[in-house]
2 protein chains.
Amino acid sequence: MSVPSEKAVGSENRSRLSAADWERAALDAIAEYGLAGIAVEPLARRLGVTKGSFYWHFPTREALLKAALERWEREDEEEIFGPLVPIADPRARLRELFGRIAHELPSHVIFAALLKALDHPLVLPVIERVSQRRLDFLTVAYRQAGLDEVAAALRARLAYTAYAGFLQLARAGLPRISHEEFERYMEHVMETLLPAPD
Amino acid sequence: MSVPSEKAVGSENRSRLSAADWERAALDAIAEYGLAGIAVEPLARRLGVTKGSFYWHFPTREALLKAALERWEREDEEEIFGPLVPIADPRARLRELFGRIAHELPSHVIFAALLKALDHPLVLPVIERVSQRRLDFLTVAYRQAGLDEVAAALRARLAYTAYAGFLQLARAGLPRISHEEFERYMEHVMETLLPAPD
DNA sequence: ACAAGTCCATACGCACAAGTATGGAACGGC
DNA sequence: GCCGTTCCATACTTGTGCGTATGGACTTGT
């Protein structure tokens with residue numbers, strides 16, 4: 001076989017690292033410390049190597065950030081929104097989407113971190129694309145739920161900003177909320193932001 | 001007179017600086033560059049002095065940040081929410097509040113910047129206090145508008161997160177919106193987040 | 001086994017911002 | 001007009017992170 005015997009599984013265990021390992025570590029760092037957390041030497045320490053390793057895989061720090069963002073955008077699309085599409089009932093689809101925000105999925109945590117770094121030239125276009133897709137997603141759902149074209153677009157914008165704001169303030173900034181309180185809150189959001197199921 | 005002849009007007013013009021001048025410059029820097037923008041030497045350049053001046057007025061960078069945050073919290077309370085309280089009709093009061101977000105008042109821009117720095121130990125308690133006050137503000141308004149206790153609290157939370165999310169995404173991340181579009185959006189928000197005026 | 005390529009460690013240079021030390025200019029009271 | 005206080009400039013030191021240079025170790029094909 002011309003292909004190496006082991007390489008597809010991912011981080012495998014220790015020994016040599018791949019570019020993908022660095023990208024994953026970068027995303028973990030973003031989730032934990034924000035964009036500033038993605039620094040070469042700290043990441044190297046975290047991975048048990050030195051930056052000599054890093055600069056073999058990537059020409060610069062920005063290159064890692066770019067690669068990590070592309071990876072996140074791709075995985076987020078697949079893991080978060082992919083499973084939502086086949087849900088036929090738009091009401092159930094929206095409920096499922098909102099419900100997922102509560103479970104602090106890594107992808108959501110990274111999204112929240114990226115929202116705080118919209119001034120960065122590499123982050124902005126990613127968030128713009130993601131936001132547009134999510135707005136479209138919401139607009140379609142609201143359209144299917146019975147709202148007219150205009151109302152659906154407006155309601156989607158409202159829901160999306162509420163979604164982003166909640167993500168931003170849930171971890172800190174607002175009094176922590178219990179599981180039951182969150183359920184009641186979700187119920188209220190659904191009642192408020194969804195038209196009655198005629 | 002034992003008091004100096006000039007000192008209350010503010011930055012006056014050039015010549016000597018006061019601690020308040022540094023605090024104001026710090027808030028400007030936060031609005032423009034975020035929390036990272038509040039750095040001693042850049043601020044000194046901006047003010048036309050060197051950091052020798054700074055370290056006379058403040059013992060450390062954190063001290064300036066603390067003072068600037070206190071100043072913002074105080075001014076924000078007075079300038080933004082103060083004029084809203086006397087508005088008797090809760091519906092008009094809420095409309096006025098939401099309407100102000102559009103005009104990018106400095107205080108709102110700073111608030112948006114601070115929302116991006118909730119991980120900072122000096123910023124967090126400020127935002128917690130401000131958020132609590134605004135939640136209370138909204139809850140009272142919704143209560144007066146006819147919602148029961150529980151619904152008012154939930155609706156306040158929804159409105160506040162939408163408020164924060166809009167602030168976060170309005171300047172970048174979502175397609176820019178025209179003035180008329182914003183008016184239509186505001187109308188939709190009011191219809192959706194306010195109970196019908198029985 | 002040997003050479004070529006792959007991956008990483010070590011040791012630099014550089015930029016930039018925080019904080020310190022110290023001396024000097026400008027302003028106030030008397 | 002003198003003097004002490006107030007305010008600021010200059011010149012350090014220290015820390016940290018990006019990027020480079022270079023050599024060594026490990027892997028792989030033949």
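Every chain is numbered from 1, with letters handed out A, B, ... down the list of sequences. Please read these numbers as outputs of a predicted model, since none were measured by experiment.
Legend: residues meeting ring-ring contact (aromatic ring centres under 6.0 Å, His included) with B:F98, ordered by chain and number and at least two apart, are absent. Partners of A:Y33 according to the ring-ring contact (aromatic ring centres under 6.0 Å, His included) rule, which considers only residues two or more places apart in sequence or in another chain, do not exist here. Legend: residues meeting side-chain contact (heavy atoms from CB on, under 4.5 Å) with A:R129, ordered by chain and number and at least two apart, are A:E73, A:P125, A:V126, A:R133. In this structure, the side-chain contact (heavy atoms from CB on, under 4.5 Å) partners of B:A26, at least two apart in sequence or on a different chain, are B:I38, B:L43, B:L64, B:A68.
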> What is the per-nucleotide protein-contact pattern of nucleotides 8-21 of chain D, from the 5' end, where B denotes a base atom under 4.0 Å from a protein heavy atom, S denotes such proximity for sugar-phosphate atoms only, and - denotes neither?
Replying inline: BBBB-----BBBB-
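Taking atom CZ of residue B:F58 and atom P of nucleotide C:dA18, one finds them 14 Å apart after rounding to whole Å.
Among residues at least two apart or in separate chains, salt bridge (charged side-chain N to carboxylate O under 4.0 Å, His left out) pairs with a member in residues 145-165 of chain A are A:R143-A:E149.
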